Amino acid sequence: EPDRVAKLARTLRSIGSPSLVVCGEGDDAWSVASQRDMADRLDADFAVVTGAKHSPNIENPDSLLWTLLPTWRSWLIGYEGYDNYEADPH
């Protein structure tokens with residue numbers, strides 16, 4: 001499979017889009033280290049979901065949700081109309 005990370009990184013930079021690479025702690029398709037490397041190359045945030053392998057959305061959806069929500073909120077800070085809603089994830 002060709003490595004398209006450099007092209008994706010250029011696109012994300014050109015449109016000013018934040019990004020997040022998320023993986024399961026036991027991912028058996030791509031190692032956590034390789035996904036951390038991809039996040040570094042993309043200048044992206046990086047998160048590991050505990051209790052999950054390759055499909056955190058199925059294997060630990062609650063933990064994935066509590067990973068995504070604070071990240072998305074941080075991206076929204078400063079955008080017009082964002083009311084800075086804070087929910088306690090626990």
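All residue numbers in this chain count up from 1 along the given sequence. Everything numeric here is computed off the predicted structure, so don't read it as measured data.
Scanning all heavy atoms of the two residues, the minimum distance from Leu65 to Pro70 falls at O-CD, 4.4 Å.
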Result block: side-chain N/O donor-acceptor pairs under 3.5 angstrom for residues 37-44, not counting sequence neighbours:
| from | atom 1 | to | atom 2 | distance (Å) |
| --- | --- | --- | --- | --- |
| Arg41 | NH1 | Asp3 | OD2 | 3.1 |
| Arg41 | NH2 | Asp3 | OD1 | 3.2 |
| Arg41 | NH2 | Asp3 | OD2 | 2.9 |

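Cluster annotation: Val5 is connected to Val32 through the hydrophobic network of ILVMFWY side chains, with a link wherever side-chain heavy atoms come within less than 4.5 Å. Val49 and Ile58 sit in two unconnected hydrophobic clusters of ILVMFWY residues. Membership requires side-chain heavy atoms under 4.5 Å apart, directly or through other members. In the hydrophobic clustering of this structure, Trp30 does not group with Val48; members are Ile, Leu, Val, Met, Phe, Trp, Tyr whose side-chain heavy atoms approach within less than 4.5 Å, directly or through other members.
Applying the side-chain hydrogen bond (donor to acceptor under 3.5 Å, both in side chains) test to pairs two or more places apart or on separate chains, none has a residue in residues 5-23. Judged as a side-chain hydrogen bond (donor to acceptor under 3.5 Å, both in side chains), the pairs with a partner in residues 46-63 (not counting sequence neighbours) are, in order, Asp27-His54.
Formation of a donor-acceptor pair under 3.5 Å by the Gln35 side chain with backbone atoms of Val21 is not found in this model.
Checked against side chain to side chain donor-acceptor pair (under 3.5 Å), Thr71 has no partners two or more places apart in sequence or in another chain.
Taking CH2 of Trp66 as the reference point, atom CG of Leu64 lies at 11.5 Å (rounded to 0.5 Å).
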